[in-house]
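Right, one structure below, let's go through it.
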Protein chains: 4
Amino acid sequence: VIIYLKKETPENIIEDILGNIRQGGIDAFYIEPYNLIISHKFHNKEIFQAHPYVENQQLLDTSYKLSSREFKSNNTTINIKGVEIGNNHFNMIAGPCAIENEEQIFGTAEYLNQLDVKFIRGGAYKPRTSPYTFRGLGIEGLKLIRAAADKYDLRVVTELIDLKLLDEIVEYSDIIQIGSRNQSNFYLLSELGKINKPVLLKRGMQSKVEEWLLAADYILSGGNEKLILCERGIRSFDPSSRNLMDIGVIPLIKSLSHLPIFADPSHGTGDAKFVHSMSLSSIAAGANGLMIEVHPNPTKSVSDSKQALGFSDFKTLLNSVEDLAKYFGKSCDFEISDRNISLSQ
Amino acid sequence: VIIYLKKETPENIIEDILGNIRQGGIDAFYIEPYNLIISHKFHNKEIFQAHPYVENQQLLDTSYKLSSREFKSNNTTINIKGVEIGNNHFNMIAGPCAIENEEQIFGTAEYLNQLDVKFIRGGAYKPRTSPYTFRGLGIEGLKLIRAAADKYDLRVVTELIDLKLLDEIVEYSDIIQIGSRNQSNFYLLSELGKINKPVLLKRGMQSKVEEWLLAADYILSGGNEKLILCERGIRSFDPSSRNLMDIGVIPLIKSLSHLPIFADPSHGTGDAKFVHSMSLSSIAAGANGLMIEVHPNPTKSVSDSKQALGFSDFKTLLNSVEDLAKYFGKSCDFEISDRNISLSQ
Amino acid sequence: VIIYLKKETPENIIEDILGNIRQGGIDAFYIEPYNLIISHKFHNKEIFQAHPYVENQQLLDTSYKLSSREFKSNNTTINIKGVEIGNNHFNMIAGPCAIENEEQIFGTAEYLNQLDVKFIRGGAYKPRTSPYTFRGLGIEGLKLIRAAADKYDLRVVTELIDLKLLDEIVEYSDIIQIGSRNQSNFYLLSELGKINKPVLLKRGMQSKVEEWLLAADYILSGGNEKLILCERGIRSFDPSSRNLMDIGVIPLIKSLSHLPIFADPSHGTGDAKFVHSMSLSSIAAGANGLMIEVHPNPTKSVSDSKQALGFSDFKTLLNSVEDLAKYFGKSCDFEISDRNISLSQ
Amino acid sequence: VIIYLKKETPENIIEDILGNIRQGGIDAFYIEPYNLIISHKFHNKEIFQAHPYVENQQLLDTSYKLSSREFKSNNTTINIKGVEIGNNHFNMIAGPCAIENEEQIFGTAEYLNQLDVKFIRGGAYKPRTSPYTFRGLGIEGLKLIRAAADKYDLRVVTELIDLKLLDEIVEYSDIIQIGSRNQSNFYLLSELGKINKPVLLKRGMQSKVEEWLLAADYILSGGNEKLILCERGIRSFDPSSRNLMDIGVIPLIKSLSHLPIFADPSHGTGDAKFVHSMSLSSIAAGANGLMIEVHPNPTKSVSDSKQALGFSDFKTLLNSVEDLAKYFGKSCDFEISDRNISLSQ
C-alpha cells in the first residue's frame, strides 16, 4: 500500500504508522520527499482508513511506483541550463567514448557547437571488461571536458562508476551518466537520490523493464526527479551483433512511465555502420533523444573504435535525425538551417 | 570453396570433381540450379585451378552463401501476380491469425480491398503450444481464404506446418509462410527449394542470423529464389513483452543479404498497442514490408486476440505507414488518396 | 476444466457436452484414450456437476495436464524388449551421431554389447544447420543400424525428422527420437500420439519447461504413454560452450512430471572433455538415463566430432556411471563385473 | 604479449619498455606484484627478444591471463584461519541471506558449530531490486555476525556492496563476498586487488566465462591471490525457475583456471526444494565447496525466504554432501561421525 500523509503530520505519528505495519513482520518505508509511506507486502487499506493524518491510500499494483504513469501521468521534463529534455523535445548527446587528450576533446566540442549540438559526452573513468585496457584519464579528463564544454557552450554528460568519485563528477558534469554495469548498484542509486543533479540511467544489459524502473525508483524515492532513462542494447544469444538493441522497450517505457527515454545506438549496435538506421528507428519508436559516439578519428580511438562515427558521418546523421524528429512533431534542441559549414580543423 | 562450372560440363566430370574432394573425407555438393560445386571444409583453390571445366573458384568466407551479398549484390525482387516485392517496394500483408469462418474472412478481405491492400494472411493450420487450443479449420479454411482473396483481388499468404500438407498449401496460396517453429526444419526447407512458389521465411525465435541465412540457403540451393525473410520477435529474459522484436536485424540482414526483409510487429510485440510504433520503427530501420494481424473483432479472436488490430486501428496504421514509407522514398503497393471510405458492413 | 466421463458415455452425449462448452466461443477437446473432455478456458464446474455421465471434474491449474504429477502421481515406466526405463532404473543409450558405414556401426554395436549396453543410437537423417554438410545415409543407414542391433542384441534409438519418414523410422527403430528442432513441431507430435512406439522427446533449445511438457501432452493426449524426456542443452548468451546444459531441469521435471528424464551431455556440452563430469552431475541431479555419443574414431566422425567419445573413454565413463548410479540406489541396465575385456577389433 | 622482467629491473627501464610499446598507440601495463608487463594488442616478441632485463616473453592467447591455467598450472589453495580451501578440499559456507537480529544469527552460529561447519554467511548490506524492501542492518549486523562467529569458532563471509564500506567489511569479515551485481564493478575489483583479504567473487547473472575470469584478473593483477569463484545462477528465457544454475561452468572453470570454484544452489535455483539435488550435482561436477542459505525459520525470513533451508533440512543435506564429497575423494572441512546431536534450542 501507499499511504499519502497530510502535510502537517508530526514525526511521531509517522513512526507510529511505520511501527504498526512493521509489527506484523512487514517492511514499511517513509519516503520523505513525497511525504508518503510505502509498504510492498502490506495490502490492507482499512486499518488506516480513518486515521486523521492519512490523506489518501493506494494499493500497489506494480512493484515500481514513483516512475510509473499511475503515480504521475504527465511526462517529466527537465531543464538543463536552458535546454528542455522530455515530452515533445528531442535532444542529441554526442562525443567520444573516452576523453583522450586536449586536441581530441576540444576539436570535438568545437565541431558539435558548429552543428548546434548542446550536449557533449565523454568518459574520464571507463568501465572496461579487461584490466589490461585503457581506463580513462581520470580527474584530468574531467577538467578537459569541462573546459571544452565551457568554451563551446555545451553541457557535459559523463559517467560515474563509483560513489568515491561522486563529488568530482558532480562538480564537472551537467548530467551524471550511470552505465549499464551500475544499473543494479543499489547503494549508488540511493545516493544519487539525495543530490540535485540530473541523472541519465542506462539500462542494465540484462535488466528486465521492471528492474530498470525499480532502479529508477531508487533515485526518485530519494527526491531527485531529474531522471532520464537510456536504452543501450541488451545481451542475447546471437553473436552477430555486439548487443541487441531493444527498440521495443521505447514505446513500452513510454506507456509505463512518465520519464524521458533516450536511445544509444552506438552501444546498442556496437557498429558504426548501423548507427544511422537505428537512430532513425529509435525516433520512429518514440525516443526523446539520442546519445551518439563521435570521434575526430574513429580508427585511432582508444576504446570502442568500431562504433564511433567520424565528423562527416555524424553531420549526415544529424541532418537526417533533425528531419525525421520534426516529421514526428518533435522540437529539436539542435536546429540549424545550413550544416554545410567549414571548420577550422 | 565454391567451384563455378562451365555451362557444358558433362555429368561424369562433375562426379569426378565431387569424388576427388570426397576422397579426402570431405563433403562436397553439386548445386544444380546454379551449376556449381560447394564444399565447406575444402579450402584449396589450386587443385582445380587449371581444370578445363572450371570457370571460376571462390573461397568461402561465410558459412551461408547463396543468400549473401557476396554471392549476389543486387537486391532480389519478386513479382507476385503483378505486385513487386523487394528493393524499393514496400508491401503490406494483413489479416487474421486464424481463419475462423466465412463471415470473418470475407469481411476482412472486403475491408482490405477497399483500403487498397494487396495481400491477405490467415492460418488454416495453426501451430499452437498447447494441444488443448484451437488448431485451425484445415482444408476448409484454405478454401475460404482462397475464395475471399479471389473475390477481392488479394494474394494469399498462409502457413505450411508439415510437408504432408505441401500440395494443399501450394494449391491455395500465393506465398507460403514458414513459421518460427519450422525455421530449422531442414527437411521441409529442402523440399521448398524444389517448388516454384514464393516463400516467406520467418526467423526462428531462437535463431542466430547466421542460422537464419543458412536456412534461406536450404531453399535457395534447391533453385527456388522467390524468398522473403521476416523478423517476428525473438526470445529474451524479459517477461515484460511476449517477444523481443529485433529491429536491429533489419539493417543487419540488408547489409549481409540481397533478400527482402519484412517485419511482423504483431507477433514481434504480442500487443496491439505497440503495433503502430513498431511498424513505423521497422520502416525507419529499412524493412521492405509489414505483416499485420487484423481482425473484425479482436476480442472475439480465437487465437492471439491480444495482438490483433481492429479495422479502424488498422486504417489509421495504414495511413501512417504509407506516409512514412514514402518519406523514406519507398513505393507502396497500397496507395490511395482517401481512406475515409464507407464500408458495406 | 477436465471432465472425466463415465465408461459407457455414448458418443452423442460427448458431442452434447462439447457443443455446450463451445457455444460460448470456448474450445473443448475430447481426449479419447482417457475418456475425458478438456477445455482450457472453461472454468466452470457447476454446469455439469449433476450430469449423469460425468464421473468427476477438475479445474485446470497448470497448462499441461497429462504429463503432470497431479494427473498421475506414480513414475511412468516403459518396457522395451525386456529392458525397463523410468522410476528406479538407470539406462545408457550410446552410439555415433550419424550412421556412416557398415564398419563403423557394426564395430560400435559389437563394442557396446561387450560392455553390456542395451541401447544403440545413430542418425540416418541428420538435421544440419548448413545445407552444405552431410545429411545422413537415409534408409540405407536405418537398415545398417537395425542389422547391427539385431546381431548384438541392442535396441535402436534413431531420430525422426519429418512425418513423411514415419513408417520407415517405426519399422527400423525401438525408440523414436524427436530432436530439439522438432520439439515444437506440433503436427508431428500429434501423429506420434497415435502410434504404439516409445518416443524420446528432446527439449527444444529455446523451450520453457511449460512448453516442453505441453509438447509431451500432444503425444500423451493421442494415447501414446511411452514417452521419455531428454535434456540436451539450451541456448544462452555465453559462447564459452556450444550449449548450456540445464542440469536444474532434471529435478524440476521430476517434481512436475511422472515421465522419465534422460540427459545428453554430448550435445549438452558439445565437448567430449566435459562429458564425464556432466554425466555424473546428471546422475546426482536424478536423471533416469544418459545418451552419449560414441565413435570408433571421433576425429574422423563426419559430424559433431568434437563431442564424441572414443571407445576407451566411453568404457571409463561407463564404469564411473555404473558406480555412481548404484551409489544413488539405481538399478542399471548395464551391469557387468569386469569391463577390462578384449575386443576383436 | 606478456614480458616477464628480471628481478633487479630498474624503474626507468620499465618506463622505457612501456613507453616503447605505447608510442605505437597501444596500451601496456606494468603488473607490479608479478614484475611483468602486459599488453593486449602488442603481438611482437622480437623487439624485446635480446633486451638485457627481459627474462621471458609469452604471446597472449586468452584475454584473461593471471586466472588462467596457462599462467599457473597448479590449483590455488587458500588458508583461512587454519581451514584450507581449493584443490582437494571441500568446504561448506552456510547461514541466512540477511542478518536480522541477535537471536537469529547466534542461533544459526551455534547450530552450524555443532554440525562442524566452519564458515557462516550473512548479509549486513543487501542489494535489493526494489527500494521498498529490507536493505539490511548495516554496521550493527556486521558486529552481530562477528560476535556470533567468534563465540562459535566460525569464519565470516559477508558481502561488500560499495567501496565506501570496504574498511568496515574488511574489519568484520574473513572472506569478502562480491555479489552478482558487482561482478563487473571494475573500480571496486581493482581496489580489492590491493588488500590482503580473501575474496569470493560470484558470477554476474549475465556474465560470460571470459568476462568472469577477466574480473578475476582485475583482483589478481593487484596482487591479491586469495580468490574464490562462485556460480550462483544466470539469467535465462525460462521463468520456471528464478535463475538457471549453470552446473556446466564448474568443469569449464576447472579446465580454464587454477582458482577454486564454489556453487550456490540456494540462489542458483531460488527454491529450497531443489537445493539438495543441485548440491549433489555440483559436487559431482567437481565443485570445491558450497554456499547454502540456512535460517532458523525460513518462512519468517525477511528476504529470499523461499530458498532458505531450515535447520533439519540442512542437517540432512550436510550428511549427504559429506558422504558424496568423500565418494569423490574430497577432504571435507566438516567431518563428524554423528550429526544426530541435540541442541540447546
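As a basis for the values below, the full set of heavy atoms in this structure was taken, side chains included, without hydrogen atoms, waters or symmetry mates. Sequence lines set the chain letters: A, B, ... in the order given, protein chains first and strands last, and positions in each chain run from 1.
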query = What part of D:I234 gets closer than 4.5 Å to chain A, counting heavy atoms only: side chain, backbone, both or neither?
reply = neither
remark   = Honestly, the part of A:S180 sitting under 4.5 Å from a heavy atom of chain D is neither
task = Against chain D, label A:L166 side chain, backbone, both or neither, depending on which of its atoms sit under 4.5 Å from a heavy atom there.
result = neither
request  = Salt-bridge test for A:E159 and A:R181: reply yes if a basic N is under 4.0 Å from a carboxylate O, no otherwise.
outcome  = no
message = If I measure from the heavy atoms of chain D, does A:N185 come under 4.5 Å with its side chain, its backbone, both, or neither?
response = side chain
inquiry  = Within this structure, what is the CG-CG distance for the pair D:L189 and D:L220, rounded to the nearest 0.5 Å?
reply    = 10.5 Å
request  = Using distance alone, with no hydrogens and no angle criterion, decide if A:D238 and A:S236 have a side-chain donor and acceptor under 3.5 Å apart.
outcome  = no
request  = Examine whether an atom of A:S207 lies under 4.5 Å from a heavy atom of chain D, and if so say whether it belongs to the side chain, the backbone or both; otherwise answer neither.
outcome  = backbone
query = Relative to the ring of D:Y125, is the ring of A:Y187 parallel (under 30°), tilted (30 to 60°) or perpendicular (over 60°)?
reply = perpendicular
Residue A:L165 versus chain D: region with a heavy atom under 4.5 Å = side chain
query = Taking every heavy-atom pair that is under 4.5 Å apart, which of A:G179, A:A215, A:G204, A:S184 has the most such pairs with chain D?
reply = A:S184
request  = In plain terms, say whether A:D246 and A:R203 are close enough for a salt bridge, that is, a side-chain N and a carboxylate O under 4.0 Å apart.
outcome  = yes
request  = Could you tell me the separation between the OG1 atom of A:T269 and the CG atom of A:D264, rounded to the nearest 0.5 Å?
outcome  = 8.5 Å
message = Does any backbone or side-chain atom of D:D217 lie under 4.5 Å from a heavy atom of chain A? Answer side chain, backbone, both or neither.
response = both
